[in-house]
Amino acid sequence: MTSKGIRVLPMRVALLVVVTCLVVYYFVSKPKSEPKGYVDLHRLLVAGIGAAEMGGNEVRRVREGNTLGEKSKGETLEGVNDPLTMGDTASHRVMYHSLKAAFPMVNVVSEETDVKDSELLIRLPPLANEEVGKMGLGSEVVNASDVTMWIDPLDATKEYTEKLLQYVTTMVCVAVDGKPVIGIIHKPFERKTYWSWVGHGTNIDDKSNDDITKIIVSLSHKGDVEDVAKRAFGDVSVIGAGGAGYKSLALFDGTASVYVHTTRIKKWDICAGNAIVRNAGGHMTTLTGSEIDYSSHGSPINDKGLVAAVRKHQHYLTKLNFGH
Ligand SMILES: *[C@@H]1O[C@H](CO)[C@@H](O)[C@H](O)[C@H]1NC(C)=O
């Protein structure tokens with residue numbers, strides 16, 4: 001046996017180890033601009049898109065396999081059944097744990113909780129979204145303790161069980177100091193992701209329109225809002241739709257010009273929509289025009305209602321006249 005064969009093998013192994021280390025370092029190391037305790041919002045955007053799409057894959061898988069295992073979480077204030085399915089749980093698992101593993105110092109608030117699998121380590125897809133990488137969005141480094149990520153693993157669960165799949169979304173929102181700055185809304189059954197990063201960029205086409213008043217409201221309380229709307233605006237069309245994510249996006253494609261909600265709503269339902277509306281120069285406020293606080297120390301419930309519009313928000317607010 002010659003000594004040559006023995007020497008070549010360790011050389012190759014050593015080389016492989018070095019290359020592997022470099023590759024791992026390249027992908028794992030944080031940008032130099034991100035000191036300990038700080039986080040670059042650009043990384044949260046890319047990760048959030050990855051998490052929303054991974055969650056969406058679970059939502060689709062459970063629906064297509066018909067393994068919903070539907071349970072009830074009780075009734076909403078409108079007396080409508082509030083279901084929980086395997087789609088919600090499976091999506092929560094991948095979304096929550098992937099973000100928590102990637103950003104342990106960031107506070108992540110999810111609609112669902114899941115005690116069993118608190119040790120899960122889910123990896124985000126590498127380079128979740130090439131489009132975002134190429135857009136030159138810049139970076140913005142913030143103190144991680146000022147950040148709250150709101151995730152909704154499955155918005156419009158009731159419609160999901162009824163196969164009204166166009167209303168179903170998964171959402172991620174990043175709030176800094178309680179203000180919504182990144183909104184990500186993924187439609188799993190259309191395999192489309194919509195996002196905005198306030199002041200940096202968006203992939204949403206704004207086709208909102210000044211000329212018409214079309215009000216979009218929850219399917220479950222269309223009747224109540226219809227009366228209020230007719231009094232405020234005269235003869236207008238009131239569109240009932242499922243899902244807060246769906247309704248927020250509907251303000252951009254000409255489906256609706258204002259989104260109104262008069263009963264309580266959870267912040268993981270509206271934070272992402274609030275960010276995308278805000279980025280477009282619009283507003284999402286309570287019925288009396290107050291901003292909604294998305295910091296983690298407040299309540300996750302907004303019980304002051306909702307008026308959202310890309311254009312003429314103040315006009316809608318005044319007409320609806322809830323402050324008086
Ligand atoms: C981030 O903010 C917290 C709370 O205001 C503060 O205690 C902490 O020192 C800050 N962290 C860094 C790294 O500046």
Side-chain angles (χ1 to χ4, degrees), residues 21 24-52 92 95-115 118-129 132-133 135-153 171-184 195-202 266-279 283-286 290-304:
C21 286
V24 168
Y25 177 77
Y26 179 78
F27 283 108
V28 170
S29 68
K30 290 178 186 160
K32 296 269 184 301
S33 60
E34 199 177 282
K36 199 169 161 46
Y38 286 81
V39 63
D40 188 339
L41 295 178
H42 187 276
R43 289 213 303 138
L44 293 183
L45 171 65
V46 173
I49 292 171
H92 161 81
M95 289 179 73
Y96 180 82
H97 293 288
S98 63
L99 291 171
K100 214 48 209 167
F103 306 100
M105 63 293 180
V106 169
N107 193 8
V108 183
V109 185
S110 173
E111 173 168 17
E112 308 304 335
T113 52
D114 143 43
V115 277
S118 57
E119 301 299 309
L120 267 184
L121 203 127
I122 311 265
R123 238 177 277 271
L124 285 163
L127 245 189
N129 193 300
V132 175
M135 278 179 75
L137 297 168
S139 74
E140 192 177 329
V141 177
V142 298
N143 184 330
S145 70
D146 297 335
V147 175
T148 307
M149 281 184 110
W150 295 86
I151 62 180
D152 191 339
M171 290 188 274
V172 176
C173 180
V174 177
V176 179
D177 288 327
K179 291 193 178 64
V181 296
I182 294 174
I184 299 156
W195 59 265
S196 294
W197 178 11
V198 175
H200 289 261
T202 182
K266 307 287 176 50
K267 290 180 184 172
W268 42 73
D269 287 333
I270 54 176
C271 183
N274 199 336
I276 66 172
V277 166
R278 192 159 88 92
N279 178 66
H283 299 275
M284 178 183 283
T285 64
T286 66
S290 306
E291 297 291 337
I292 297 156
D293 174 25
Y294 297 96
S295 54
S296 56
H297 43 75
S299 160
I301 296 165
N302 165 42
D303 55 10
K304 304 280 188 303

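Bear in mind the structure is a predicted one, so any value in this text is a computation, not a measurement. In each ligand, atom 1 is the first atom listed, and ligand 1 is the first ligand listed.
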**Q.** Heavy-atom nearest neighbour in the protein, as seen from atom 14 (O) of ligand 1, with distance rounded to 0.1 Å
**A.** Y38 OH, 3.0 Å

(Q) Between K267 (side chain only) and S295 (backbone N and O only), is there a donor and an acceptor less than 3.5 Å apart? (A) no

(Q) As a quick check of understanding, evaluate side chain to side chain donor-acceptor pair (under 3.5 Å) for H92 and S110, giving each step before the final call. (A) CA-CA 7 Å; H92 161 81; S110 173; 2.8 Å; yes

Q) Is there a protein heavy atom at a distance of less than 4.0 Å from atom 11 (N) of ligand 1? A) yes

Q. Does any N/O atom on D146 come nearer than 3.5 Å to any N/O atom on ligand 1?
A. no

**Q.** Working for side chain to side chain donor-acceptor pair (under 3.5 Å), residues H200 and E140
**A.** CA-CA 9 Å; H200 289 261; E140 192 177 329; 2.6 Å; yes

Q.
Please list the nearest protein heavy atom to atom 3 (C) of ligand 1 with its residue and the distance rounded to 0.1 Å.
A. S145 OG, 3.4 Å

**Q.** T202 OG1 to W195 CH2 distance, which is reported to the nearest 0.5 Å
**A.** 6.0 Å

Q.
Go through it in stages, so that I can follow the logic: the residues are T148 and N107, the test is side chain to side chain donor-acceptor pair (under 3.5 Å), and I'd like the CA-CA distance, side-chain angles, deciding distance and then a yes or no.
A. CA-CA 5 Å; T148 307; N107 193 8; 4.7 Å; no

**Q.** Closer than 4.0 Å: a protein non-hydrogen atom to atom 7 (O) of ligand 1
**A.** no

Q. So is there a nitrogen or oxygen of N143 less than 3.5 Å from a nitrogen or oxygen in ligand 1?
A. yes

